[in-house]
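Structure first, then comments.
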Amino acid sequence: MVQTILTRLATSLFVIFGASVLVYCIMYLLPGDPVLLMLDPSSATPEMIENLRAQLGLDQPFYIQFANYFGDMLRGDFGKSMINSDPVLPKILEHFPATLALTALSSIIAITIGITLGVLSAIHRNGVIDFIARLVGLFGISMPTFWTGILLILLFSVQLGWFPAMGSDGFGSLVLPAATLGLVGAGFIVRMVRNSMLEVVNEPFIVALRAKGLTERTIMYVHALRNALIPAVTVIGMLIGDLLAGTVVVETVFSRQGIGRIIADALMAKDLPVVQGVVFFTAIIYVVLNLLVDISYAYIDPRVRRAVRT
């Protein structure tokens, strides 16, 4: 198991490096000059522009800029913002708890609704519950997050006044954005759990358990569900990473101050150190989540544990 984890970690380093290269290339090729955004174009002289460009290292070739920046990030130095010269890493760590709380609550909503409706949908196939579950799944997958967020604001904030429409103050302001992301995630989980359960209930071991006299509840919620969770766990692990990335849109719609809002503002200003720092930070989290998913396989399915040992 230790060897498997080390292999996954080695692979993850290439993923992080590739993500950093890709984002750096995209930001480098985008039109616009960050130096002109930092200076007043009406009063800046060509000498001032060239001096600031040399000070930031933007006068060097692309590969040298990237090598210097990536080397600094490996040492824990994410650089400084080109707009206000604030250190990037403290800024990320300051706003990350808000994004983490949003991702955690939305994941809980997605997993709870998704697994519950997915199991009930498979057990009561072609019934009313199955219809509702499939409708929730279709809604979650089809509706864009910004549109879902606007609908929730109009209903629960404007019409009913139950929750604040914007801000990052308290648990109440977290409910609507978490529900927005949670409904999207639940749509994917419902479909995956339902399909997995329908495949498992036709397996020979289910017939054997019924022959032994086990109750239908025990068969479905203990034995069948455990086997059906293997593909669902993969989706859930990827989904949490997607929810973390999806906070860019949701935090903008609900005016929350998280890393999603930071990277959205940095993209508009072409603030390369902030964009690259957030991407590098979230890539590490995404890799860790996928590693935890791989480890969880061994605890959910004993067959995976035995295969790893051999």
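Since this is a predicted model, take the numbers as computed values, not measurements. Just so it is clear, the values below take in all heavy atoms, side chains as well, and ignore hydrogens, waters and symmetry mates.
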At what distance, to the nearest 0.5 angstrom, does [atom1] of [X] lie from [atom2] of [Y]?
X    : Y    : atom1 : atom2 : answer
L152 : T180 : CG    : OG1   : 4.5 Å
L105 : L100 : CG    : CG    : 11.0 Å
L102 : L174 : CG    : CG    : 6.0 Å
I129 : L120 : CD1   : CG    : 5.5 Å
I153 : L176 : CD1   : CG    : 7.0 Å

Inset, instruction - Look at the side-chain heavy atoms of Ile, Leu, Val, Met, Phe, Trp and Tyr, link any pair under 4.5 Å apart, and say whether I108 and F163 land in one connected group. - result: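 I108 does not cluster with F163.
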
Legend entry - L138 reachable from I189 in the ILVMFWY side-chain graph, under 4.5 Å edges: no

Inset, instruction - Not counting sequence neighbours, which residues clear side-chain contact (heavy atoms from CB on, under 4.5 Å) with V119? List them please. - result: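 Partners of V119 under the side-chain contact (heavy atoms from CB on, under 4.5 Å) test: I115, I123, V193, M197, Y221, L225.
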
Legend entry - Non-neighbouring partners of L183 that pass side-chain contact (heavy atoms from CB on, under 4.5 Å), sequence neighbours left out: F139, T148

Legend entry - Partners passing salt bridge (charged side-chain N to carboxylate O under 4.0 Å, His left out) against R194 (at least two apart in sequence or in another chain):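 So R194 forms a salt bridge (charged side-chain N to carboxylate O under 4.0 Å, His left out) with D130.
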
Inset, instruction - Assess whether side-chain contact (heavy atoms from CB on, under 4.5 Å) is satisfied between F281 and L93, documenting all intermediate values. - result: CA-CA 10 Å; F281 187 81; L93 295 177; 4.0 Å; yes

Inset, instruction - Could you tell me how the ring of W162 sits relative to the ring of F156: parallel (under 30°), tilted (30 to 60°) or perpendicular (over 60°)? - result: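 Judged by the thresholds at 30° and 60°, the geometry between W162 and F156 is tilted.
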
Legend entry - Considering all heavy atoms, the nearest I262-K91 contact: CD1-O, 3.9 Å

Legend entry - Smallest separation among heavy atoms of A186 and A110, with atom names: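 In terms of heavy atoms, the two residues are closest at N-CB, 3.6 Å.
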
Inset, instruction - Ignoring hydrogens and angles, tell me if any N or O in the side chain of S106 forms a donor-acceptor pair with the backbone of T103 under 3.5 Å. - result: yes

